[in-house]
Each structure stands twice: as C-alpha cells, then as structure tokens.
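Report on the following structure.
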Amino acid sequence: MPVVALLPILKPGEHVLCAVSGGADSVALLLLLKDMADRGQIRLTAAHFDHGIRAASSEDARFVRALCERIGVGLIEGHSDVPVLARRDGVGMETAARNARRDFLESARRETGADVIATAHHADDQAETVLLHLLRGSGTGGLGGMKPRNGRIVRPLLQTTRAEILAYLAERNASYCEDETNARNDAARNRIRNELLPILTSYNPAISEALCRTAALCAEDD
C-alpha cells in the first residue's frame with residue numbers, strides 16, 4: 001500500500017483547520033488528518049473557499065461538502081468574487097485569489113478556534129517555489145522555499161511528492177476534483193510546472209528532489 005507520511009509538525013491535541021479545495025492534494029491531506037483525528041491525535045475541521053473564478057467552482061464546493069459529510073468532518077465554507085477583487089485592488093488574479101483565501105482561512109481559524117491551518121503544499125510545489133524565487137532573484141530566505149510550519153500555517157505534505165499523493169488516493173479509491181486552469185500557462189507558476197520543470201527533468205530526472213534539498217539547505221543557512 002502506498003504510504004504518505006505526514007511531517008511530524010502537529011502537536012498532540014491540536015485543533016487543525018484543513019484547507020480543502022477538492023483537488024487531489026487537499027483531499028489526500030484531509031483523509032490523512034481524519035485518520036489522525038480518529039486515533040485521537042488531533043481535532044479536525046475542514047474549510048473550503050470558492051474563489052468565484054471558475055464556472056465549475058460550485059461543483060467543487062458540492063464535492064467537498066459531500067466528502068466531509070461522508071467521513072464525518074465539520075466544514076466551514078466561504079465565497080468571494082476574486083475577479084472583482086482583482087480589478088478593485090489593481091492586482092493580478094493569482095494575487096487576489098491568494099489574499100482572499102488567506103483572509104478567509106484566518107477568519108475561519110478564529111471562528112472555529114483552530115490552532116493551525118493545514119495546507120496541502122507538497123514537494124513538487126516546493127520545487128516550483130524555489131525555481132520561481134530563483135528566476136526573480138533571491139537570497140537564502142527565498143530559496144529556502146516554504147517552511148513546514150510557519151506561524152499558524154502547517155504543511156504536513158511538504159516532503160511528499162505529487163506522484164505519491166496520487167498513488168495513495170488510487171489505493172484508497174478516493175475521488176477528487178480536477179482544476180482545468182492548472183493546464184493554462186497564463187500564470188508564472190503554471191509555466192514553471194508545465195514547461196520549465198519538464199525541460200529540467202531531462203537534465204536531472206530527480207530535479208524536484210534536488211530543488212527540495214536546496215531549499216532545506218538554504219533554509220538552514222538562513
């Protein structure tokens with residue numbers, strides 16, 4: 001059976017608010033945290049935020065709602081019209097979405113009394129982050145990438161690859177939503193994922209692992 005090991009960054013008895021988009025990564029994280037909650041290691045609540053960007057976003061919300069009801073996890077939901085926010089604030093869609101999601105999750109954390117917010121960032125996301133910072137020009141702080149635990153934010157899957165996550169979901173016969181915008185290259189991170197990383201893989205098939213090691217070393221130095 002594929003094993004997805006969560007980083008040991010959660011404290012016993014912590015109340016964890018799990019951010020669930022409905023995609024593969026967040027569904028896997030929710031199921032893994034539910035196992036921990038069933039063993040009495042943590043308390044768990046889920047949170048779903050509808051950005052109002054995609055026509056299928058309401059379907060994602062319904063999927064998450066049904067999933068949480070089926071496995072017995074409380075859910076708090078939020079919604080915003082990110083395109084309107086982006087125009088109002090004069091920022092890109094990606095920035096507006098990130099800000100709106102961050103504000104909702106922190107509000108949900110306070111409302112539920114959760115100690116931390118768990119997000120489903122994984123090793124491939126870390127590799128993309130390192131490349132993004134490298135291309136923009138960064139010191140050891142930026143090249144250190146995302147931290148497993150940063151204030152109220154925890155990333156239990158940060159050492160797990162996307163392939164391992166998909167294998168885990170297949171083993172559990174768990175369904176998830178597909179975000180068609182991930183295939184578009186209008187955002188820098190998508191271009192890195194869809195164009196740059198495949199090229200770098202031809203030079204080093206283990207490029208993601210190498211970039212994650214670089215991040216760990218830079219974080220240590222920083």
Side-chain angles (χ1 to χ4, degrees), residues 2-51 60-61 63-80 97-129 144-169 172 174-177 179 189 212 215-216 219:
V3 176
V4 176
L6 294 177
L7 286 176
I9 54 177
L10 296 174
K11 300 173 184 176
E14 273 193 314
H15 185 174
V16 180
L17 182 72
C18 180
V20 186
S21 67
D25 310 327
S26 65
V27 168
L29 178 60
L30 178 64
L31 294 176
L32 288 159
L33 291 175
K34 179 61 166 61
D35 290 343
M36 291 184 67
D38 287 345
R39 293 192 294 268
Q41 296 170 299
I42 61 169
R43 290 177 292 150
L44 179 63
T45 303
H48 175 77
F49 183 65
D50 183 349
H51 298 85
D60 295 349
F63 171 84
V64 173
R65 202 175 300 128
L67 172 62
C68 289
E69 183 176 347
R70 178 170 58 82
I71 65 176
V73 173
L75 173 66
I76 184 167
E77 298 183 69
H79 176 273
S80 185
R98 182 172 59 249
N99 292 342
R101 180 173 60 249
R102 179 197 60 210
D103 292 346
F104 160 72
L105 288 173
E106 176 55 25
S107 175
R109 185 196 67 77
R110 293 195 301 268
E111 180 180 336
T112 58
D115 300 298
V116 292
I117 300 165
T119 66
H121 294 104
H122 49 73
D124 297 67
D125 293 325
Q126 180 77 306
E128 294 166 11
T129 298
M146 295 177 284
K147 296 179 175 62
R149 185 166 185 139
N150 187 13
R152 298 281 189 181
I153 304 297
V154 294
R155 301 179 176 95
L157 293 176
L158 203 54
Q159 291 180 357
T160 302
T161 66
R162 169 79 170 180
E164 289 170 331
I165 288 170
L166 293 177
Y168 168 78
L169 291 173
R172 291 195 59 156
S175 58
Y176 53 88
C177 302
D179 185 347
R189 184 177 286 273
C212 287

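Owing to the predicted nature of the structure, the values given are computational and were not obtained by experimental measurement. Because only heavy atoms are used, hydrogens play no part in the values below, and waters and symmetry mates are left out as well, while side chains stay in.
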Within this structure, what is the [atom1]-[atom2] distance for the pair [X] and [Y], rounded to the nearest 0.5 Å?
| X | Y | atom1 | atom2 | result |
| --- | --- | --- | --- | --- |
| Met146 | Leu158 | CE | CG | 5.5 Å |
| Ile117 | Arg101 | CD1 | CZ | 11.0 Å |
| Tyr176 | Leu166 | OH | CG | 5.0 Å |
| Ile76 | Cys68 | CD1 | SG | 12.0 Å |
| His15 | Thr112 | NE2 | OG1 | 4.5 Å |
| Met36 | Ile42 | CE | CD1 | 5.0 Å |

For [X] and [Y], work out which heavy atoms get closest and say how close.
| X | Y | answer |
| --- | --- | --- |
| Gly145 | Thr129 | CA-CG2, 4.1 Å |
| Ser175 | Phe63 | O-CZ, 3.2 Å |
| Asp25 | His122 | OD2-NE2, 3.2 Å |
| Thr161 | Glu164 | N-OE1, 2.9 Å |
| Leu105 | Leu17 | O-CD2, 3.6 Å |
| Ala24 | Arg162 | CB-NH1, 3.6 Å |

Can you tell if the side chain of [X] reaches within under 4.5 Å of the side chain of [Y], non-hydrogen atoms only?
| X | Y | answer |
| --- | --- | --- |
| Asn150 | Arg155 | yes |
| Leu75 | Val20 | no |
| Ile71 | Leu30 | yes |
| Gln41 | Leu10 | no |
| Tyr168 | Leu32 | yes |
| Arg149 | Val116 | yes |

Within the distance-only criterion (no hydrogens, no angle test), does the side chain of Ser26 pair as donor or acceptor with the backbone N or O of Gly22 below 3.5 angstrom?
-> yes
Could you walk me through whether Lys34 and Asp38 pass the salt bridge (charged side-chain N to carboxylate O under 4.0 Å, His left out) check?
-> CA-CA 6 Å; Lys34 179 61 166 61; Asp38 287 345; 2.6 Å; yes
Ion pair check, Arg110 and Glu106, cut-off under 4.0 Å = yes
Phe104 meets the ring-ring contact (aromatic ring centres under 6.0 Å, His included) criterion, sequence neighbours left out, with Phe49
